[in-house]
Amino acid sequence: MCRHAVASRGRRADLPRPPPARQPGVAARAGGGAAPIVNGCEYSADLGVPSVHIDNAAASAEAIAHLADLGHRAIGVVTGPEISPISRDRLAGALRAAELRGLRDALHVEIGDYSAGSAFVATHALLAAGVTAIFCFSDEMALGALSAIGEAGLSCPRDVSVMGFDDLPLARYFQPALTTIAQPKGMIGRRTVELLVDILRGVECPRRQTTLAHTLVVRGSTAGPRTDR
């Protein structure tokens with residue numbers, strides 16, 4: 001899962017230095033002395049904080065559409081914590097996509113916490129409900145789902161398709177390689193830092209909310225449901 005951040009890992013962005021905090025006007029622009037905040041990845045309209053993010057609802061809707069287009073009708077979803085704005089947005093997108101396709105009543109939702117262990121437990125419940133595809137709100141949870149499917153004596157994607165979210169570097173090396181939603185993590189980090197520097201400099205930023213594009217990455221963990229059952 002992409003977490004709160006103000007900079008991406010790896011090489012430092014080649015950006016101009018912000019002015020020292022002691023310069024006149026900087027404290028005022030930061031809200032009476034408080035340090036300015038820019039939210040990288042997670043977005044909540046209630047916070048009123050500048051942010052750089054993807055459209056999590058749209059990305060999740062595309063994941064459900066992908067599974068539905070393959071022919072799946074009983075789809076399981078493993079969410080993040082209910083308190084997470086990202087998880088709430090992704091669930092809203094999944095529910096909307098399912099409803100548009102007449103699958104709302106066939107969508108089975110289990111609450112996870114972005115960990116493989118939580119998805120392992122959730123997947124056993126989803127398998128008992130008879131789902132043929134599982135969409136996890138993080139790649140790490142997808143790994144837990146794959147483990148649970150194997151423990152149940154089933155295989156992916158022959159018996160159950162699995163999708164993740166994030167496109168971690170290891171996702172392509174899962175067995176099978178994981179179908180997932182990719183976020184432009186490097187660009188999110190760079191744009192977040194650029195926006196923070198602009199705020200420190202007092203640059204007028206008419207667009208304090210930046211939405212970047214996500215990408216559906218189709219690999220070997222999703223296929224059509226079995227027809228010989």
Side-chain angles (χ1 to χ4, degrees), residues 1 54-82 84 86-167 171 174-183 214-229:
M1 177 190 71
I54 65 168
D55 186 334
N56 282 280
S60 186
E62 186 170 358
I64 295 298
H66 169 66
L67 296 173
D69 287 345
L70 288 173
H72 294 283
R73 295 296 175 263
I75 300 173
V77 173
V78 184
T79 74
E82 293 178 285
S84 165
I86 281 181
S87 183
R88 293 199 298 266
D89 286 349
R90 292 177 186 174
L91 180 57
L95 293 174
R96 184 167 63 248
E99 186 170 358
L100 287 173
R101 292 170 177 267
L103 301 176
R104 176 63 185 85
D105 292 338
L107 198 71
H108 302 266
V109 179
E110 293 287 333
I111 306 300
D113 61 11
Y114 293 123
S115 71
S118 69
F120 181 86
V121 174
T123 295
H124 279 295
L126 292 173
L127 293 177
V131 304
T132 61
I134 298 174
F135 172 40
C136 297
F137 285 4
S138 75
D139 288 350
E140 183 176 337
M141 289 201 296
L143 181 60
L146 289 170
S147 180
I149 289 167
E151 185 180 82
L154 303 173
S155 66
C156 172
R158 183 173 183 269
D159 298 301
V160 184
S161 289
V162 174
M163 278 194 71
F165 203 115
D166 288 332
D167 195 27
F174 284 18
Q175 287 296 326
L178 185 66
T179 296
T180 185
I181 298 290
Q183 302 192 65
H214 65 273
T215 305
L216 171 64
V217 181
V218 179
R219 298 192 178 105
S221 66
T222 52
R226 289 180 59 172
T227 59
D228 58 349
R229 291 182 174 180

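Just so you know, residue 1 is the first one in the sequence shown, and it goes up from there. Just so it is clear, the model here is predicted, and its values are computed rather than measured.
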Practice prompt. Could you please spell out the steps behind the side chain to side chain contact (heavy atoms under 4.5 Å, CB included) verdict for Ile149 and Asp159?
Written response: CA-CA 9 Å; Ile149 289 167; Asp159 298 301; 5.7 Å; no

Minimum heavy-atom distance [X]-[Y], with the two atoms named:
X	Y	value
Glu110	Ala122	CB-CB, 3.6 Å
Asp139	Ala171	OD2-CB, 3.8 Å
Phe137	Ser60	CE1-OG, 4.1 Å
Arg226	Arg158	CG-O, 2.7 Å
Cys156	Ser221	SG-O, 3.3 Å
Leu127	Ala152	CD1-CB, 3.9 Å

Q. Just by distance, with hydrogens left out, do Thr179 and His66 show a side-chain donor and acceptor under 3.5 Å apart?
A.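 No, His66 and Thr179 have no side-chain donor paired with an acceptor closer than 3.5 Å.
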
Looking only at side chains, do Gln183 and Asp167 share a donor and an acceptor under 3.5 Å apart?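 Asp167 and Gln183 do not have a side-chain donor-acceptor pair below 3.5 Å.
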
Atom pair [atom1]/[atom2] of [X] and [Y] - distance to nearest 0.5 Å:
X	Y	atom1	atom2	answer
Glu140	Leu143	CD	CG	7.5 Å
Glu151	Phe120	CD	CZ	3.5 Å
Phe135	Ile75	CZ	CD1	10.5 Å
Met163	Ile181	CE	CD1	4.5 Å

With heavy-atom distances below 4.5 Å as the criterion, would you say the side chains of [X] and [Y] are in contact?
X	Y	result
Pro176	Leu146	yes
Ile86	Tyr114	yes
Ile64	Val77	yes
Asp55	Glu62	no

Side-chain donor or acceptor of His214 paired with backbone N/O of Asp166 under 3.5 Å:
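Flag not set: sc His214 to bb Asp166 has no pair under 3.5 Å.
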
Could you check whether any side-chain N or O of Ser161 sits under 3.5 Å from a backbone N or O of Ala133, counting only pairs where one atom can act as donor and the other as acceptor?
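Checked: no pair found.
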
field: Within residues 124-133 or reaching into it, pairs that qualify as salt bridge (charged side-chain N to carboxylate O under 4.0 Å, His left out) - sequence neighbours excluded
entry: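 Checked against salt bridge (charged side-chain N to carboxylate O under 4.0 Å, His left out) - neighbours excluded - no pair reaches residues 124-133.
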
_Please list all pairs meeting salt bridge (charged side-chain N to carboxylate O under 4.0 Å, His left out) that have one or both residues in residues 66-78, counting only residues at least two apart or in different chains._
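Of all non-adjacent pairs touching residues 66-78, those that pass salt bridge (charged side-chain N to carboxylate O under 4.0 Å, His left out) are Asp69-Arg101.
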
Which residue, Ile111, Thr79, Asp113, Thr123, forms the side chain to side chain contact (heavy atoms under 4.5 Å, CB included) with Ser118?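 Answer to the side chain to side chain contact (heavy atoms under 4.5 Å, CB included) test with Ser118 among Ile111, Thr79, Asp113, Thr123: Asp113.
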
